[in-house]
Amino acid sequence: MYALIDCNNFYASCERVFNPALRGKPIVILSNNDGCVIARSNEAKACGIPMGAPAFEYKHVFEQYDIHVFSANFTLYGDLSNRVMNILSNYSPDQEIYSIDECFLKLTGINCDLTEYGLKMRKQVLRWTGIPVSVGIAPTKSLAKAANRIAKKFTDKTGGCYVIDTEDKRLKALKWLEVDDVWGIGRRNAKKIKSLGVNKAFDFCQLSKTWVLKNMTVVGMRLQDDLNGIPTIEMEPVEPKQSIATTRTFDHDCRTFEEVRERIVTFTVSCAEKIRSQHSLCNALTVFIESNRFKENDEQYSNQALIKLPFPTSSAIELAKFALQGLQAIYKKGIGYKRAGVILMNFVPDTEYQQSLFYRSNPKHAKLMQAVDTINSKFGQQKVRLATQDKKIHKMRQERLSPNYTTKLNDIIEIKAD
DNA sequence: TCTGGGGTCCTAGGACCC
DNA sequence: TCTGGGGTCCTAGGACCC
């Protein structure tokens, strides 16, 4: 059996942990630059605020319903996530952390009553961290996802844990679950499936293999089996990432090459720091730039450049040079750029790689970067920067940021008493 | 004025090989 | 008039997830 444990309205719950007065009140969390709504409490959902709502368009709704608005505080959410995952790891040796707010546990060899087991997890996480979670348990991962949905939707009845352990329960769940809510069926495929008059997960399982293969590739066929109770989607071991990206939407349109160049270098430096921390070197990178798609009257342009490196490296200095080659190749004058990014890929471990006959990474850089990483981790992000980066650190708009309650040790933080 | 970010997997089609 | 057959590797783009 597999369990899927999912934190309820995770970001909103994190804000509530240290500000209990917010319990029962509507909360929304905004993306970078306070752009879009990326998380909502149940109360905020009830006010009709959709996921991804642009903050400026919904300003009046926030005021009308007295909604508490927060800038995303990923430091806080990341730390609380670690605590939740740590607790849950005690319930099975086989844990897959699937995202910041959910994980799978393989419950092989657990002989007690599974509903009790799930409720125990929920209770302990709530008491130790203040984060409410829902637990779904079933014979396959996609069914555990479905069970989790039931647990969450009918918390009053289920107490926050639902187990699919009989054929009757499996069929009942699939006949209840909408096709668009099936894990692995996205907007595009849901539309295709619905055009056949199929609306429930159960009916999706009845579709012919030929149709599924043709329209949804082998991914769809695996999902069908998994929903039918044949475990097909396995636990995934933690492995180093295959690509690492830093991408941003800017708070204004950048119209000069220098401005865009500075951002690209900063993104590259950030990516380089990330691959070093997973002990990889990269062999290729992509740079992309995009105009402002919301300004329909402006000339639209977007492009990307893939640069293959002559040698594998994780040196920010070398990577920045290659990234700028890419930028130069695609940069077009006269465009207002609104978004850009850098993606590193084709990784090899930093301990074992093929030396090129003619080119190699500057051997001094490895030590230099190590020193930079040490300094920055001790004294704060970007204390040591490349000269091509901006003199001042690019500050995001974060007008409603909560304190880093759990990770900021130097400051005294006032926590409101419950 | 303002509109998110970071990943994975799969496939079709092109380039190349003998 | 007529133009082989069977592979592999790579990449861009599209689907999905949170």
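Note that this is a predicted model, so its numbers are computed, not measured. Throughout, a chain's letter reflects where its sequence line sits, starting with A, and its residues are numbered from 1.
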Exercise. Provide, to the nearest angstrom, the distance between the CD1 atom belonging to A:Ile38 and the C1' atom belonging to B:dC2.
Key: 16 Å
Exercise. Would you mind telling me which residue lines up with the more 5' stretch of DNA chain B, A:Ala55 or A:Lys274, judged by nearest nucleotide?
Key: A:Ala55
Quiz item: Among the nucleotides B:dC10, B:dC2, C:dA12, which one has an atom lying closest to any side-chain atom of A:Leu306?
Solution: C:dA12
Quiz item: Out of B:dG4, B:dT3, B:dC9, which nucleotide sits closest to the side chain of A:Ser31?
Solution: B:dG4
Quiz item: In whole angstrom, what separates A:Ile49's CD1 from B:dG4's P?
Solution: 17 Å
Quiz item: How close or far is atom P of C:dC18 from atom CG of A:Asn9, stated in whole angstroms?
Solution: 14 Å
Quiz item: A:Asn189 side chain N/O closer than 4.0 Å to the phosphate oxygens (OP1, OP2) of C:dC16?
Solution: yes
Quiz item: What nucleic acid atoms does A:Asn33 come within less than 4.0 Å of, heavy atoms only: base, sugar-phosphate, or nothing?
Solution: nothing
Quiz item: Among B:dG6, C:dC18, B:dG4, which is the nearest nucleotide to the side chain of A:Ala245?
Solution: B:dG6
Exercise. Respond yes when some side-chain nitrogen or oxygen of A:Asn32 is under 4.0 Å from OP1 or OP2 of B:dG5, and no when none is.
Key: yes
Exercise. Flag yes if more than 12 heavy atoms outside A:Gln304 fall under 6.0 Å of its CD atom; otherwise flag no.
Key: no
Exercise. Test A:Arg222 against A:Glu234 for salt bridge (Lys or Arg N to Asp or Glu O under 4.0 Å), laying out the working first.
Key: CA-CA 11 Å; A:Arg222 277 181 213 150; A:Glu234 256 315 311; over 6 Å; no
Quiz item: Take atom NZ in A:Lys192; do more than 12 heavy atoms of anything else shown fall under 6.0 Å from it?
Solution: yes
Quiz item: When we call it a touch if two heavy atoms are under 4.0 Å apart, what does A:Val182 touch: a base, just sugar-phosphate, or nothing?
Solution: sugar-phosphate
Quiz item: More than 12 non-hydrogen atoms from neighbouring residues, nucleotides or ligands closer than 6.0 Å to NZ on A:Lys45, yes or no?
Solution: yes
Exercise. Find the distance A:Ile100:CD1 to B:dG5:C1' and express it as a whole number of Å.
Key: 12 Å
Quiz item: OP1, OP2 of B:dC9 versus side-chain N and O of A:Gln242: anything below 4.0 Å?
Solution: yes
Quiz prompt | Selected nucleotide, minimal atom distance to A:Lys295 side chain, candidates B:dG6, B:dC2, C:dC17 | solution = B:dC2
Exercise. Specify the separation, in whole Å, of atom CE of A:Met51 and atom C1' of B:dG5.
Key: 11 Å
Self-check item: Nearest-nucleotide pick for A:Arg397, side chain only, options being C:dA12, C:dC17, B:dC2
Solution: B:dC2
Quiz item: Given C:dC10, is OP1 or OP2 found less than 4.0 Å from the side-chain N or O atoms of A:Lys308?
Solution: no
Quiz prompt | Distance, C1' atom - from B:dC17 to C:dG4, rounded to whole angstrom | solution = 15 Å
Quiz item: Does A:Arg248 make a side-chain N or O approach to OP1 or OP2 of B:dG6 shorter than 4.0 Å?
Solution: yes
Self-check item: Sidechain N-carboxylate O distance under 4.0 Å for A:Arg255, A:Asp298
Solution: yes
Practice problem: Taking the side chain as every heavy atom from C-beta outward, state whether A:Tyr117 and A:Val163 have any atom pair closer than 4.5 Å. | Solution: no
Quiz item: A:Pro54 has a side chain; which of B:dT11, B:dT3, B:dG5 sits nearest to it?
Solution: B:dT3
Quiz item: Are OP1 or OP2 of C:dA15 and a side-chain N or O of A:Thr217 less than 4.0 angstrom apart?
Solution: no
Quiz item: Taking any strand in view, what nucleotide pairs with B:dC18 in a Watson-Crick or G-U wobble way, both distances under 3.5 Å?
Solution: C:dG5
Exercise. Check the pair A:Phe104 / A:Tyr98 against ring-ring contact (aromatic ring centres under 6.0 Å, His included), numbers first and verdict last.
Key: CA-CA 7 Å; A:Phe104 288 99; A:Tyr98 182 68; 5.7 Å; yes
Quiz item: Starting at CG of A:Leu4 and ending at P of C:dC17, how long is that distance when rounded to a whole Å?
Solution: 14 Å
Quiz item: For A:Lys145 and C:dC18, what is the distance between atoms NZ and C1' respectively, to the nearest whole Å?
Solution: 8 Å
Quiz item: Looking at A:Lys241, does any N or O in its side chain come under 4.0 Å of the phosphate oxygens OP1/OP2 on B:dG6?
Solution: no
Exercise. Indicate whether OP1 or OP2 belonging to B:dT1 is found under 4.0 Å from a side-chain N or O atom of A:Lys59.
Key: no
Quiz item: Heavy atoms, side chains only, cut-off 4.5 Å: are A:Lys332 and A:Ile289 in contact?
Solution: no
Practice problem: With the side chain of A:Lys338 defined as its heavy atoms from C-beta on, choose the nearest nucleotide among B:dC10, B:dG6, B:dT3. | Solution: B:dT3
Quiz item: Just checking A:Leu30: base, sugar-phosphate only, or nothing, at a heavy-atom cut-off of under 4.0 Å?
Solution: nothing
Exercise. Please work out if A:Asn292 contacts a base, only the sugar-phosphate, or nothing of the nucleic acid, heavy-atom cut-off 4.0 Å.
Key: nothing
Practice problem: Give the rounded distance in Å between these two atoms: CE of A:Met396 and P of B:dG4. | Solution: 13 Å
Practice problem: Please indicate yes or no: is the ring centre of A:Phe294 less than 5.5 Å from the centre of the six-membered base ring of B:dT3, with the two planes inclined by under 30 degrees? | Solution: yes
Quiz item: Is the phosphate of B:dG4, meaning OP1 or OP2, less than 4.0 Å from a side-chain N or O of A:Thr249?
Solution: yes
Quiz item: Heavy atoms under 4.0 Å, any strand shown: does A:Phe250 hit a base, just sugar-phosphate, or nothing?
Solution: sugar-phosphate
Quiz prompt | Nearest-nucleotide 5' precedence on DNA chain B, A:Asp34 against A:Arg222 | solution = A:Asp34
Quiz item: Is the distance from OP1 or OP2 of B:dT8 to the nearest side-chain N or O of A:Ser243 less than 4.0 Å?
Solution: yes
